[in-house]
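Each chain gets a letter, A, B and so on, in the order its sequence line appears, and its residues count up from 1.
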Amino acid sequence: MKRVVVDPVTRIEGHLRVEIKLDEATGKVEDALSSGTAWRGLEVVVKDRDPRDIWAFVQRICGVCTGMHAISSLRAVEDALGIEIPKNANSIRNIMLSCQNVHDHLVHFYHLHALDWVSPVAALKADPKATGDLQNAVLDKYSLPLAGPMDFNFNAYPKEFPKATTAYYKTVQDKIKKIVENGQLGIFSAQWWDHPDYEVLPPEVHLLAVAHYLNMLDRQRDIVVPHVIFGGKNPHPHFIVGGMPCAISMNDMNAPINTERLAAVDASINATIDMVNSFYVPDVLAIGELYVKKGYVDGGGLAKERVLGFGDFPDEPYSGIANGEYHKKLLLRCDGVVENFGQGLDKAVYHELSAQDITDPAVLAEGVDHSWYSYPEKGKDLHPWEGDTEPQFTGPKEGTKTQWKYLDENAKYSWLKTPKWKGKTAEVGPLARYIIVYTKVKKGVIQPTWVEKMVVDQIEAVSKVLSVPPEVWLPTTVGRTAARALETQLNAYISKYFFDKLIKNIRSGDTSTANTEKWDPKTWPEQARGVGLTEAPRGALSHWIVIKDGKAANYQAVVPTTWNACPRDSQGVHGAYEACMIDTKVKVADKPLEILKAVRSFDPCLACSTH
Amino acid sequence: MERGHSKQYYVFSPFLRIFHWLMVLSIVTLFTTGLYIGDPFFIGSQGLEPTYAVTGRLSMEIMRFIHFAAAYIFTVSFILRAYGFWRNKGDRLFPHFWKKQYYEDLLDVFLHYTFIKSSHKPCLRNPLARASYVALYFMVFIEIITGFAMYTMIKPNSWGAKIYGPVNQLLGDEYTVHIIHHYVAWLIILFAIVHVYMAARADFMDREGEISSMFSGVKFLPHEPVDIGDITDGKDSSVRDRKHSITG
Amino acid sequence: MDGKDSLWGLFQQRGLSRRSFLKVCMTITGILGLSPAMLPKVVSAAEQNPLPVVVWLHGHECTGCDESFIRSQSPLASDVLLNMISLEYSDTLSAAAGEPFEHHLEEVMKRYEGKYLLAVEGGVSTGNEGTFCMVGGKPFVAALKEAARGAAAVLEIGSCAAWGGVQAAKPNPTNTVAVHTVVSGKPIIKIPGCPPIPEVLTGVVMHYAMFGQLPPVDSQGRPKQFYGNRIHDTCYRRPFFNSGMFAEQFDDAGSKAGWCLYKLGCRGPETYNSCGNLRWWNGLSYPIQSGHGCIGCSSNGFWDNDHFYDRMPGIPVAKTITNADTIGLVVGGAAVAGVAAHGALSVLQKSKRRSGEHEEVGGPKA
Ligand code: HEM
Ligand code: HEM
Ligand code: NFV
Ligand code: SF4
Ligand code: SF4
Ligand code: F3S
Ligand SMILES: [Mg+2]
């Protein structure tokens, strides 16, 4: 038995450490530990502050999923104060949410995750001409010809297409060659490029993906143009409680939003759709198919047992969240819990997760048995409205406080809390959302919206490409990566859908973007509490606020990566990261690439998780 | 009236007096324009084009211009004050913080103002007033350095910015500087309210020519003031019988 | 430097002409806000200087600064990463992880001792011996000090590194400080902003890549070319400010007409950044243009200058919130009333004194 530590885990956000106990003979992971090693205390920082300012503080929980925490916070404050935002603000926020999802996912795949699958070193062996041919084949075979409603489609032709020429791939290959020959690999240094997994794909796929890594590095900035238009910048666009600050006027070039600004948003959404359709989705499916065909269907872990979602994209404004109104307006109803999807759709069990449920301490709570926090009552989990953030660092099992060797899986070992649904851990994220929507639609729990229909169509189309049923390919490392790509395509069309909706509403004469009736704290109740839900790129996100005398008396965030990367519970039941590592085979003990690939398939965000 | 047997004391140089009235004018101007700057409102007809809105009417630009002009007048008038300080003893009536006597006199004045004693010792300038002027000069100093710290940074490479810019770092950040400037402005106005009252009251109570002293430079006291030493130096050139003409 | 090429070298390798090289130098000169007279210097810098090695560390941060960095358009992030610098260590972008990655860092620090550029994103947690921020099983503060020792210069990337950032806002539970609080004896340059504008980040790196030294800084250690002006003094809404035309509420007529956001708490008058002139996405927009005031995200301590929507901070008084002017008016009114009352009492006192004087000839005694 060998104990292997990887710290820092890189190409993620924040400070993550993993430790595994490995049976070297069989490559089996006997136990795994995931630890968030930094805590910033933002829940403590926002206490006693003006609820109208908090979005800006908690937005800085993360610059990668930027905007997510801001919107969750706004929703929580608006829920507490009973503010209904105008239609335009709802559409604009949904555009910002969906374009953020697209951006976050695309950058994750190409710039954080890709180097687990492809290697610039392997790309040197590729034939540039064959790579050009491969590019055409990939586009032919793996493009998913699915689309959402697009009422205002002024895009004359797709603007973003991959190059498929020999010259292009030769140029890229030459550049890589130069870097490798110089012996100075820069960001490509010190990786286990000799790991056997890099041989799963032919050299041409490596070259193609590395070329797209560079191409998308230059293009990704254009995906978040809506943030820059509506929120003034990215990362960390600006918002306001009650709606959006970007007033609309068709009479004024000085207006934050006018025709020219909307045209810029439109161009960005169009380009985004093209980027996703002609780069991201085909690339992922091409790689994914080769992996699945070679039997790489491990890394599922908790996804097979339990996934959870809150739902998002309210089609219309709603009067509240805790009162259940939010849930009635959603386009993406992945609210709920699905158990045992790994055993097939028939055996899968769907549990409702209503607004009433999430406000019930028996249903939703966070524990700190293995977290570096202390709770008022030992062993008793707390609902986030009663939540508490009091650090209690206890040090490692071996080593010293400031020089760790191994962390202690039997004691506290992480700055993440352990969020639980009915006392159980659950996986969240694109994969969870896809499993839940698919299960709900297939079991007839819901009549699908266009968004949900597209989810099911995508899953079925991919199952056909891979020629295996969803329960086999979805709850795996490849499936998690594929679900993210599919969701990116979906979100690109959601942006378009809400853009259309915004235009139609402005055309009807409504230019309102903010409801300022309750701007003044004098209009607030002495005491109120609210919850803000979103489906962030990495999964179900909730912010919880208790307002007293115009200030935040308590503030808690329960974050997707906290759900996934949490330490085990008091019974030793693992969170999703730990479970997926245990579900993964390792070929070379001191080069656990498979483990990192599995963990990275969640798109870890540790700044988010500990906040 | 009882003025018959009072003596005339020459206290304030013309430099101080000119400065004082310039200061009165500029502080009132600075305060009113400053408050407008802090919470402006639109004066004039409401058009969508700023160019039309601004012409000939009061606006932020004009208010700020007046504020800055007054600030310059104010700052420059200090030169007069400084000159008076150098030339004339009566311009140097500072609180003698280091003397025990000062605190005894202070208590005496305090008891009078709280109506416990019907009068206080005669002074050219009572110890409480002395302290309050030092406090005011301190506040005014804060206003000037914080004001110029904000003002000069319009041109961050100018020599003014080199002198005053560091104030922003010293006090944390420029937002804090603006807050301090605003709060201290109110403190100055509170001083002014009490000060004007005190001057009027002193005139009314003791008929010592308090208010007119800021015009004429002389005060009339029936009893020899306890702080006579601050202006006489033994030569007595600044103390005259009141029937004599006023010089200086 | 170990086969590292200059920018001109790279152009030659790619078979690109001298003319196109000069054109790039001209663009660079423009981007950096240098006068055309500087062009020969830019050219010679680009011809001779080898690509600098960069080590990028992460402390208490949100990675928004990395995200901003890769959004740069001129220069493009790919060009910076592949042709202007050699990024040898970055949690976010580097392929490697764990022990080999840490080993690589040690090698780099040895090999390029005194020559590498240390970029630090994030504040430095010093609470509880630095255990609120651990990297590779060691406190970040220790790793930082070690990496700083051999650095040629240190870049404080973003407001977290430059000032402490959001986690250092009150009550600063992790006791986080700015990088320069724990690192000294090196040229340190601040690139504040939460995050900084992409082109500001890459602009500083580019300056270093070309001239082999940090750009000229102001008294606070920020590059003058990017932080020289207040947003207020470069803001396109300034004419409205001057005319006294202000948005009074979000979404009112003034907001729709793009009037000045001063009364909605805009911090532009106190904030030094390029948002007013360079803007985000090469001139596309910036927070004020989108209708929200500047929150001062590049200023020291701006987090504790909340509430963000008032020009004067609110003062909590018995369950409601008021401000300095209201308090000033109340206290001023009280002062007027006070002196009036005092005056009345004085009149009384004087008449008492007068009647007393008749008996007690000789006037008041000392
Ligand atoms: C020589 C000294 C002074 C200078 C250079 C000066 C300069 C300034 C400047 C630059 C501003 C900010 C204007 C803006 O935001 O555009 C300002 C605001 C203001 N000033 Fe002065 N000032 C001076 C003295 C005073 C004095 C003596 C007072 C009052 C007694 C005063 C009262 C104010 C007030 C109330 C504001 C508004 C504060 C705010 O909310 O921003 N100033 N002054
Ligand atoms: C109508 C209004 C005012 C009158 C009648 C008045 C009168 C006087 C008088 C009589 C003195 C001499 C006090 C003494 O030493 O016994 C004096 C001194 C002084 N006053 Fe005023 N004052 C007026 C307004 C103000 C205002 C608005 C300010 C500033 C906010 C001000 C600031 C001062 C200062 C600083 C001194 C001390 C002069 C020095 O020694 O440098 N005064 N004033
Ligand atoms: N986990 C997480 Fe986030 C996301 N997605 C937020 O809620 O990444 Ni930074
Ligand atoms: S400065 Fe702002 S954007 Fe940069 S890391 Fe800190 S919080 Fe994130
Ligand atoms: S919007 Fe802000 S920065 Fe622009 S002029 Fe108004 S106060 Fe100044
Ligand atoms: S909030 Fe920051 S991005 Fe610019 S406009 Fe203000 S400095
Ligand atoms: Mg939390």
Side-chain angles (χ1 to χ4, degrees), chain B residues 2 35 38-44 46-54 57-64 113 115 118-122 150 153-157 162 165-166 168-169 172-179 182-183 185-186 189-190 193-194 196-198 200-201 204-205 222-223 226, chain C residues 163 218-220 224 227-230 232-233 239-246 248 253-254 257 259-260 262-263 267 269-272 296 299-302 305 311-313 323-325 327-329 331-332 335-336 338-340 342-343 345-350 352-353 356-357 363-366:
Chain B
E2 297 99 329
L35 278 196
D39 190 10
F41 45 90
F42 186 74
I43 307 170
Q46 200 118 329
L48 288 180
E49 288 290 337
T51 19
Y52 302 139
V54 76
R57 297 196 172 79
L58 286 181
S59 67
M60 195 69 157
E61 197 166 24
I62 292 165
M63 287 297 197
R64 290 177 79 242
Y113 284 144
F115 306 111
S118 68
S119 62
H120 62 77
K121 289 181 197 168
M150 292 185 278
M153 290 309 285
I154 292 168
K155 284 192 193 151
N157 291 321
K162 291 209 170 66
N168 294 315
Q169 284 149 266
D173 60 304
E174 211 165 308
Y175 182 76
T176 311
V177 168
H178 128 83
I179 305 288
H182 198 110
Y183 278 52
W186 273 107
I189 287 314
L190 288 179
I193 293 170
V194 177
V196 172
Y197 164 72
M198 287 303 195
R201 180 186 187 274
F204 168 76
M205 294 291 278
H223 306 277
V226 292
Chain C
W163 313 118
D218 68 7
S219 59
Q220 302 210 46
K224 275 187 190 170
Y227 296 90
N229 292 102
R230 280 182 297 220
H232 189 54
D233 296 327
F240 292 109
F241 172 88
N242 285 350
S243 310
M245 297 161 85
F246 303 100
E248 303 279 342
W259 290 359
C260 170
Y262 186 75
K263 294 182 81 172
R267 303 290 195 253
E270 294 85 28
T271 305
Y272 294 79
S299 307
N300 188 7
F302 77 97
N305 289 339
R311 175 122 182 97
M312 292 302 296
N323 69 21
D325 289 348
I327 291 188
L329 274 175
V331 177
V336 170
V339 298
H342 196 272
L345 286 169
S346 301
V347 172
L348 258 169
Q349 189 183 40
K350 182 163 179 179
K352 241 170 61 195
R353 198 163 81 190
E357 263 170 30
K365 273 190 84 187

Take C:F246 and C:F241 through the side-chain contact (heavy atoms from CB on, under 4.5 Å) test and state the conclusion after the steps.
CA-CA 7 Å; C:F246 303 100; C:F241 172 88; 3.8 Å; yes
Looking at [options], which makes the most heavy-atom pairs under 4.5 Å with chain B?
{"options": "C:K350, C:K224, C:Q220", "value": "C:K350"}
{"options": "C:A340, C:P313, C:G338", "value": "C:P313"}
{"options": "C:G228, C:G254, C:C260", "value": "C:G228"}
{"options": "C:S346, C:G301, C:G343, C:G332", "value": "C:S346"}
{"options": "C:V331, C:V336, C:V339", "value": "C:V339"}
{"options": "C:L348, C:N323, C:L345", "value": "C:L345"}

Can you give me the closest heavy-atom contact between [X] and [Y], atom names plus distance?
{"X": "C:Y272", "Y": "C:Y227", "value": "O-CD2, 3.3 Å"}
{"X": "C:N305", "Y": "C:R267", "value": "O-NH2, 2.6 Å"}
{"X": "B:M60", "Y": "B:P40", "value": "SD-CB, 3.7 Å"}

Does [X] use its side chain to pair, donor to acceptor, with the backbone of [Y] at less than 3.5 Å?
{"X": "C:S299", "Y": "C:T271", "result": "no"}
{"X": "C:R230", "Y": "B:M150", "result": "yes"}
{"X": "B:H178", "Y": "C:R311", "result": "yes"}

Could you look at C:L329 and say if it's the side chain, the backbone, both or neither that has a heavy atom under 4.5 Å from chain B?
both
Please classify the contact between [X] and chain C as side chain, backbone, both or neither, with a heavy-atom cut-off of under 4.5 Å.
{"X": "B:Y197", "value": "side chain"}
{"X": "B:Y183", "value": "side chain"}
{"X": "B:I154", "value": "both"}

